[in-house]
Protein chains: 2
Amino acid sequence: MRNLDITTLRSFVAVAESGGVTRAAGFLHLTQSAVSMQLKRLEELLGLDLFDRSGRTIALTASGEQLLVFARRMVALNDEVITRLTDQAYEGEITLGVPHDIVYPAIPRVLKQFHAAFPRVKVQLDSSYTRRLKAEFAKGACDIILTTETGMDAGGEQLCTKPLCWVGAPGGSAWRQRPLKLAFGRQCTFRPRVVEGLDAADIPWDVVVETESDRTIEATVSADLAVHTMIEGTEPPHLDRIEHGGALPDLPMHSINLYGAGGAVNEVHDALVGFLRRAFAAPDATALRAVANR
Amino acid sequence: MRNLDITTLRSFVAVAESGGVTRAAGFLHLTQSAVSMQLKRLEELLGLDLFDRSGRTIALTASGEQLLVFARRMVALNDEVITRLTDQAYEGEITLGVPHDIVYPAIPRVLKQFHAAFPRVKVQLDSSYTRRLKAEFAKGACDIILTTETGMDAGGEQLCTKPLCWVGAPGGSAWRQRPLKLAFGRQCTFRPRVVEGLDAADIPWDVVVETESDRTIEATVSADLAVHTMIEGTEPPHLDRIEHGGALPDLPMHSINLYGAGGAVNEVHDALVGFLRRAFAAPDATALRAVANR
DNA sequence: ACATTCTTAAAGCGAATGTTTTTGATATAA
DNA sequence: TTATATCAAAAACATTCGCTTTAAGAATGT
């Protein structure tokens with residue numbers, strides 16, 4: 001199969017649009033002769049007349065018109081990919097803050113998608129507590145943050161609302177014990193709400209693990225030594241949601257909010273926001289995980 | 001703006017798909033060295049790593065994946081336009097027979113569309129009487145014919161049904177005269193039907209012009225010396241449909257039929273058939289003309 | 001250790017692609 | 001009509017590009 005040449009196609013389009021070889025040559029920073037020869041070679045390659053040269057002005061033949069459509073598309077594709085791959089606008093770094101309890105399972109997928117779309121932009125993931133993330137965002141240390149809150153501050157955007165739910169070891173019975181044994185992170189934002197709920201239901205409780213380490217919590221819970229609470233749909237693989245049938249209080253809804261979407265900063269930024277919206281605003285996080293597991 | 005090279009992109013795609021420079025070089029009928037150099041130049045042009053060369057096998061980087069999408073599209077566009085413009089399948093001649101009374105206004109538009117889509121296919125237009133066209137088609141002298149008939153033969157396709165209508169000079173009064181003065185072509189298929197209708201309505205009539213020339217008929221009618229009948233929607237610019245309010249008999253419906261569509265001969269043939277279908281099967285020929293006049 | 005595969009490099013050669021200059025054709029004005 | 005300006009094509013020439021061949025070296029998996 002013969003190959004066209006983008007340079008030549010660009011000249012061809014310029015000639016068709018400017019209606020003259022000399023004029024086009026001016027735009028292209030080439031001599032009239034060079035453009036003329038390009039056109040000649042193009043016609044030879046295709047074995048066709050592309051121009052009607054009767055008359056002083058140069059007009060396209062039907063074949064020329066047809067080529068023009070393709071030439072425009074090919075030049076546009078060329079320019080688009082060159083821009084995407086080399087333009088400074090498409091390289092840089094974005095800092096994304098995400099509470100660690102909602103990193104899984106959505107964020108890895110988002111990062112993957114984003115990297116495929118903007119391979120030259122580095123996403124610095126800052127996984128921490130909602131409280132700290134909001135502080136970082138306020139300082140400008142994070143470009144975009146997600147939060148898990150019961151309310152929402154000004155400038156935020158609610159992506160979805162999910163109930164907090166009880167999680168424990170698969171098939172475990174720790175949730176039947178009284179006092180209820182809890183495992184909590186030291187900074188956990190959910191803690192006061194959970195405690196409130198338990199007190200209101202007159203359920204005695206006891207914090208048996210208090211740590212900074214999520215690993216420790218997960219290990220304790222999966223050993224059925226305590227229960228924990230998480231946003232529905234973010235349970236890690238070896239922990240299950242507890243079907244307590246009303247034995248434990250229902251916990252309040254939390255919303256997953258996004259800060260930093262305002263003001264259409266640039267295409268790259270907006271794309272990341274778009275991926276995040278789609279990942280969380282989707283029907284159901286559990287359903288999403290099912291899809292991801294396929 | 002830098003320009004990519006289709007040859008190089010083709011190699012790039014081949015390497016990405018075959019997973020190796022040597023293998024790709026084989027497909028491309030180039031030496032391994034040449035392909036390697038092409039890739040190197042491509043990476044230099046973009047200032048990017050496109051391949052992850054750690055490991056024996058050659059893998060794409062994220063940038064490479066992104067380029068691959070565009071490269072495929074550009075190569076596909078290249079091949080498509082080359083095929084369209086140079087493939088023998090897209091050149092040749094089609095003979096189209098059309099009764100001269102329905103040439104206007106649809107056929108010129110169809111021919112224009114078709115020429116834009118297949119500039120290297122010549123359409124030989126044979127404008128004649130339905131009877132002769134059917135004979136030509138039966139002999140194989142026409143590839144496709146349109147006819148105006150009250151019925152339809154086997155192998156035909158009815159495009160639309162239109163009433164025959166009375167036409168005369170704009171604002172003319174020839175249609176009030178008795179005997180009614182008629183202008184007819186010598187071969188006109190409508191004639192027997194018209195005569196039947198008039199006889200049935202007890203309207204005396206008289207053929208004042210009998211000729212082979214459409215021009216003569218049009219001239220006579222536009223001078224208000226006689227009336228004529230045509231398929232609705234095919235009136236030429238200087239003749240008008242007569243609003244006789246029942247003073248003249250209604251004339252039978254005629255269908256516009258197409259022969260030669262059967263059996264999916266080839267893409268070019270089918271495209272012409274498609275244009276014809278769209279031109280005549282459209283809601284109303286009068287409406288079409290209004291669109292064309294814009 | 002061996003085979004495979006990719007990278008890099010150098011030399012040679014032909015084709016491609018540009019520039020400058022010239023020629024020819026066509027429209028516009030005198 | 002003749003003169004003139006404009007534009008496209010052609011001719012002559014120089015340069016660069018890109019492929020082949022050949023060969024050496026590095027990385028990797030068997």
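Every chain is numbered from 1 and lettered A, B, ... according to where its sequence line falls, protein lines coming before strand lines.
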Do A:D143 and A:H269 have side chains that get closer than 4.5 Å, going by heavy atoms?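 They are in contact (side-chain heavy atoms under 4.5 Å apart), so the answer is yes.
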Just wondering, do B:I94 and B:V268 contact through their side chains at under 4.5 Å, heavy atoms?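 When only atoms from C-beta onward are counted, B:I94 and B:V268 do touch, with a gap below 4.5 Å.
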When the distance from [atom1] of [X] to [atom2] of [N] is rounded to whole Å, what number comes out?
X: A:L45; N: C:dT17; atom1: CG; atom2: P; value: 10 Å
X: B:E44; N: C:dT7; atom1: CD; atom2: P; value: 13 Å
X: A:Q38; N: C:dT19; atom1: CD; atom2: P; value: 9 Å
X: B:L30; N: D:dG18; atom1: CG; atom2: P; value: 13 Å
X: B:D52; N: C:dC6; atom1: CG; atom2: C1'; value: 13 Å
X: B:L4; N: D:dG18; atom1: CG; atom2: P; value: 13 Å
X: A:L9; N: C:dT17; atom1: CG; atom2: P; value: 12 Å
X: B:L39; N: C:dC6; atom1: CG; atom2: C1'; value: 10 Å

With distance as the sole test, does [X] use its side chain to make a donor-acceptor pair with the main-chain N or O of [Y] at under 3.5 Å?
X: A:T61; Y: A:D49; value: yes
X: B:N78; Y: A:R2; value: yes
X: A:S36; Y: A:Q32; value: no

Please determine if a side-chain N or O atom of B:R41 lies less than 4.0 Å away from the OP1 or OP2 oxygen of D:dC19.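 The answer is yes; a side-chain N or O of B:R41 sits under 4.0 Å from OP1 or OP2.
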Reading nucleotides 8-14 of chain C from the 5' end, what letters show protein touch, with B for base, S for backbone sugar-phosphate only, - for no heavy atom under 4.0 Å? BB-----
So A:T22, base contact, sugar-phosphate only, or nothing? Heavy-atom distance under 4.0 Å.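 Contact class for A:T22: sugar-phosphate only.
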Quick one: do the B:T7 and A:N3 side chains pair a donor with an acceptor below 3.5 Å?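 Yes, a side-chain donor-acceptor pair sits under 3.5 Å.
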First of A:E43 and B:D5 reached from the 5' end of DNA chain D, by closest nucleotide: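 Counting from the 5' end, the first nearest nucleotide belongs to A:E43.
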Show the atom names and distances, to 0.1 Å, of all donor-acceptor pairs under 3.5 Å that link a side chain in residues 118-128 of chain B to residues at least two apart or in another chain.
{"from": "B:R120", "atom 1": "NE", "to": "B:L85", "atom 2": "O", "distance (Å)": "3.0"}
{"from": "B:R120", "atom 1": "NH1", "to": "B:R84", "atom 2": "O", "distance (Å)": "2.9"}
{"from": "B:R120", "atom 1": "NH1", "to": "B:L85", "atom 2": "O", "distance (Å)": "2.9"}
{"from": "B:R120", "atom 1": "NH2", "to": "B:T86", "atom 2": "O", "distance (Å)": "3.4"}
{"from": "B:R120", "atom 1": "NH2", "to": "B:D87", "atom 2": "O", "distance (Å)": "3.0"}
{"from": "B:R120", "atom 1": "NH2", "to": "B:E91", "atom 2": "OE1", "distance (Å)": "2.9"}
{"from": "B:D126", "atom 1": "OD2", "to": "B:R132", "atom 2": "NH2", "distance (Å)": "3.4"}
{"from": "B:S128", "atom 1": "OG", "to": "B:R132", "atom 2": "NH1", "distance (Å)": "2.5"}

